[in-house]
Amino acid sequence: MDLSVNLGGLKMRTPVATASGTFGYGPEYVGALDYAQLGAVTVKGVRLDPWPGNPMPRHVEVVGGLVNAIGLQGPGVEAFVEYYVPNYVETVAAAYGTDNVPPMIVNIWGGSVEEYAAVAKRLSEAAAVAGSPIGAVEMNVSCPNVKEGGHTFGQDPAVLEKVVSAVRGAVKLPLIVKLAPNVPDFRPYVAACEAGGADALALINTIPAMVIDIETRRPVLGNRTGGLSGRCVHPVAVKAVYDVHRCTKLPILAMGGVYEAKDAIELILAGATAVAVGTATFTDPGAAARVAAGIADYCGRHGVAAVKDLIGTVEST
Amino acid sequence: MLIDEETTIVSHEAAGPGYRFLVVAAPKLAAALAPGQFVHVKVPSLESSALRRPFSVFDADPAAGTVTVMYKIVGRGTAALAREVPGGKVMVLGPLGHGFPVACTGTPLLVGGGYGVAPLHFLATRLVAAGHKPILFVGGRTKDDLLALDRFAALGVDVRTATNDGSAGAKGFVTDPLDDALIELRQTGGAFELFTCGPDGLLKAVAQRAVGTGRPGWISMDRHMVCGVGGCFACIQKIKLPNGEVYNARCCVNGPVFAAADIVW
Ligand SMILES: Cc1cc2nc3c(=O)[nH]c(=O)nc-3n(C[C@H](O)[C@H](O)[C@H](O)COP(=O)(O)OP(=O)(O)OC[C@H]3O[C@@H](n4cnc5c(N)ncnc54)[C@H](O)[C@@H]3O)c2cc1C
Ligand SMILES: Cc1cc2nc3c(=O)[nH]c(=O)nc-3n(C[C@H](O)[C@H](O)[C@H](O)COP(=O)(O)O)c2cc1C
Ligand code: FES
């Protein structure tokens with residue numbers, strides 16, 4: 001059985017990655033799941049300089065999911081490249097062997113077009129070092145939790161094209177652009193990503209959301225609002241992937257409420273080339289590996305020789 | 001290395017009104033856990049997307065292969081957990097976080113409030129085994145809030161209590177008997193270290209005393225957590241670095257135990 005897929009140039013051993021912001025910088029879950037089953041590991045959003053993130057509380061549990069407003073806390077690209085990247089390779093290789101270090105998808109964001117490009121350039125240099133795990137760049141233009149950057153770039157197709165082409169000019173690595181689900185029509189955004197030179201699209205990011213404490217009459221989150229993820233967003237992701245797949249040839253990395261293989265296969269049938277497991281990992285650290293094994297099992301049961309044969313094969317008539 | 005162990009409930013008994021002792025057979029975790037570390041528990045009967053619940057380790061017995069947590073029923077997760085019976089399976093993730101330092105100079109002074117005595121109990125077992133004579137200071141609103149005192153007494157720990165209503169021990173705050181002991185230690189010149197876990201107000205009071213006396217203070221902080229492993233940045237506490245810079249530490253991996261002098265309140 002062939003579980004491998006090619007996501008816009010990123011070769012993945014299985015079609016299952018981890019989702020940004022739910023898997024730290026990669027080594028945090030060593031011991032809790034078999035990294036050999038992962039097609040890629042996506043790390044927490046990285047920007048140019050260190051960023052403190054939002055005030056506490058940064059999350060609230062809701063039935064079927066989670067609302068978070070972490071606010072993209074991070075150490076900045078230099079510390080990321082100097083410490084976190086080598087630490088990832090060493091820790092994962094020590095536990096699972098050098099052949100089983102999944103490629104790293106580096107999620108990036110910035111407060112300006114120039115900042116996105118500068119982060120991408122630094123990652124491009126880092127990726128050129130022998131043994132670097134960096135396999136792709138994922139641009140977050142859709143985080144609902146940070147006013148200073150992120151989603152503003154994903155809201156306007158003209159700005160989106162500008163920032164994508166600036167990053168494209170700075171990296172040869174496969175370039176993935178991560179979109180928000182809360183737009184009335186994906187087509188202008190997809191067209192902007194294509195025009196800007198993206199190799200793949202990722203969706204969905206979290207959905208803007210809010211929780212109010214009725215006793216205090218105050219928003220629960222320190223940031224007041226946040227983003228919804230988890231099981232409850234899965235049907236939204238399926239629809240988004242279905243719509244986007246029908247208007248582009250770019251491969252899609254799909255995320256949103258993947259807990260079981262069944263959820264991943266739905267997304268693949270809707271048009272995804274690969275999936276990422278996010279919030280599910282919090283409840284079940286082994287979720288991503290379990291999903292990969294379940295996809296293999298499904299292919300076996302359905303006589304599917306290669307998982308790529310399933311992409312976009314939902315019957316629409 | 002993390003261990004996500006499928007454990008079996010060995011016993012599940014009351015630890016006071018509204019409190020439970022949960023003992024699980026978890027040989028791998030029992031051998032790996034250190035005092036001050038915590039575990040992340042998947043409550044079996046909650047919906048499959050419910051987050052795990054973090055609990056300090058009250059005891060880990062490598063010989064028996066058991067891990068004990070002591071918890072308070074406060075919300076839907078702990079209420080659902082309380083309905084589990086012996087023989088049931090529970091997924092437990094650990095060992096998580098940086099615990100208390102293993103070496104102690106002088107008399108260990110343990111200060112607990114509410115379920116905050118849980119990690120102090122595990123610590124006391126190891127301190128006693130290493131030949132220390134810890135003193136436990138424990139406070140609460142009423143005598144019902146003073147938990148597991150018999151377990152500390154059985155270890156030979158000197159237990160000093162205070163309650164706000166005077167229903168057990170001295171009437172007042174736990175810092176009263178603590179301050180008495182600190183005065184005595186100052187007079188005799190005895191060395192000591194402070195270890196604490198409990199509500200933030202108590203932690204701050206103990207941290208101030210550690211900083212004020214220039215002695216080491218080890219503060220175990222309780223912050224709402226999502227992943228418990230450093231993966232999500234939900235559990236932040238402002239911490240001072242050696243170079244004076246302040247950063248948002250992740251309580252689950254950089255803590256939950258921090259040095260008193262490093263905490264920015
Ligand atoms: C490192 C650490 C050690 C802990 N040790 C113990 C212990 O030994 N004994 C004990 O009784 N409790 C302990 N707690 C607190 C315990 O995790 C919460 O009481 C428990 O999660 C409440 O869950 P619930 O579903 O009953 O409450 P709900 O209020 O319904 O929970 C809703 C959400 O908030 C979170 N939450 C609520 N209260 C807390 C809290 N005080 N701290 C962290 N998260 C919270 C829950 O995990 C859940 O995600 C510890 C917390 C941390 C962070
Ligand atoms: C706590 C948390 C932090 C996240 N941080 C990021 C981030 O830094 N960058 C990003 O592009 N997406 C981030 N996301 C979004 C996820 O990568 C994913 O797109 C979304 O949660 C939907 O997938 P899920 O339902 O499987 O979690 C975050 C999500 C969560 C829950
Ligand atoms: S709970 Fe996720 S980083 Fe601490």
Side-chain angles (χ1 to χ4, degrees), chain A residues 18-33 41 43-45 50-66 68-75 91 94-95 220-222 229-234 257 259-260 278-287, chain B residues 1-6 28-29 32 39-44 46-54 75-78 80 90-97 200 221-239 241 245-254 264-265:
Chain A
T18 61
S20 177
T22 63
F23 211 74
Y25 296 108
E28 285 80 357
Y29 278 101
V30 163
L33 86 166
V41 160
V43 298
K44 177 72 190 164
W51 188 254
N54 285 331
M56 292 276 280
R58 291 179 167 189
H59 82 279
V60 50
E61 183 185 51
V62 295
V63 172
L66 172 71
N68 92 81
I70 305 293
L72 298 172
Q73 180 177 337
T91 313
V220 174
L221 293 169
S229 66
R231 223 183 245 291
C232 58
V233 308
H234 181 66
Y259 284 67
E260 330 285 343
T279 303
T281 298
F282 298 146
T283 307
D284 175 7
Chain B
M1 270 256 221
L2 295 178
I3 305 164
D4 193 17
E5 194 164 6
E6 189 187 44
K28 291 188 205 135
L29 286 169
V39 290
H40 224 11
V41 174
K42 185 170 176 198
V43 181
L46 290 184
E47 72 280 5
S48 62
S49 59
L51 296 174
R52 291 192 180 210
R53 267 53 179 169
R76 70 187 194 102
T78 45
V90 185
M91 294 303 295
V92 181
L93 179 69
L96 302 177
D200 267 19
M221 309 204 79
D222 172 346
R223 291 288 175 271
H224 285 213
M225 290 178 179
V226 177
C227 68
V229 306
C232 75
F233 291 87
C235 59
I236 296 311
Q237 172 62 45
K238 289 210 181 307
I239 294 293
L241 290 168
E245 251 175 65
V246 173
Y247 83 115
N248 280 340
R250 288 165 284 175
C251 276
C252 65
V253 280
N254 305 124
V264 181
W265 294 96

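Letters A, B, ... mirror the listed sequences (proteins, then strands); counts begin at 1. Heavy-atom basis, side chains included; hydrogens, waters and symmetry copies ignored.
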Check: Okay, side chain of B:Asn248, backbone of A:Pro52: is any donor-acceptor separation there less than 3.5 Å?
Finding: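 Judged by distance alone, yes, a pair lies under 3.5 Å.
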Item checked: B:Lys28: side chain to side chain donor-acceptor pair (under 3.5 Å) partners, not counting sequence neighbours ->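 Not a single residue meets the side chain to side chain donor-acceptor pair (under 3.5 Å) criterion with B:Lys28.
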Note to self: Holding to side chain to side chain donor-acceptor pair (under 3.5 Å), I want the full list of residues that pass it with B:Thr78, two or more places apart in sequence or in another chain.
What the structure shows: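 Counting only residues at least two positions away or on another chain, B:Thr78 forms no side chain to side chain donor-acceptor pair (under 3.5 Å).
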Report which part of [X] has an atom under 4.5 Å of a heavy atom belonging to chain B: side chain, backbone, both, or neither.
X	answer
A:Ala280	neither
A:Tyr25	side chain
A:Leu33	neither
A:Tyr259	side chain
A:Pro57	neither

Note to self: For a quick check under 3.5 Å, do B:Arg250 and A:Gln73 share a side-chain donor-acceptor pair by atom type?
What the structure shows: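 Side-chain D/A pair, B:Arg250 to A:Gln73: absent.
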Note to self: Under 3.5 Å, is there a donor on one side chain and an acceptor on the other for A:Thr22 and A:Thr281?
What the structure shows: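 Looking only at side-chain atoms, A:Thr281 and A:Thr22 do not form any donor-acceptor pair under 3.5 Å.
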Note to self: With chain A as the partner, which of B:Arg76, B:Met91, B:Gln237 has the greatest number of non-hydrogen pairs under 4.5 Å?
What the structure shows: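 Option with the top pair count is B:Arg76.
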Note to self: Quick check on B:Leu93 against chain A: is it the side chain, the backbone, both or neither that has a heavy atom closer than 4.5 Å?
What the structure shows: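 For B:Leu93, the contact with chain A is made by the side chain alone.
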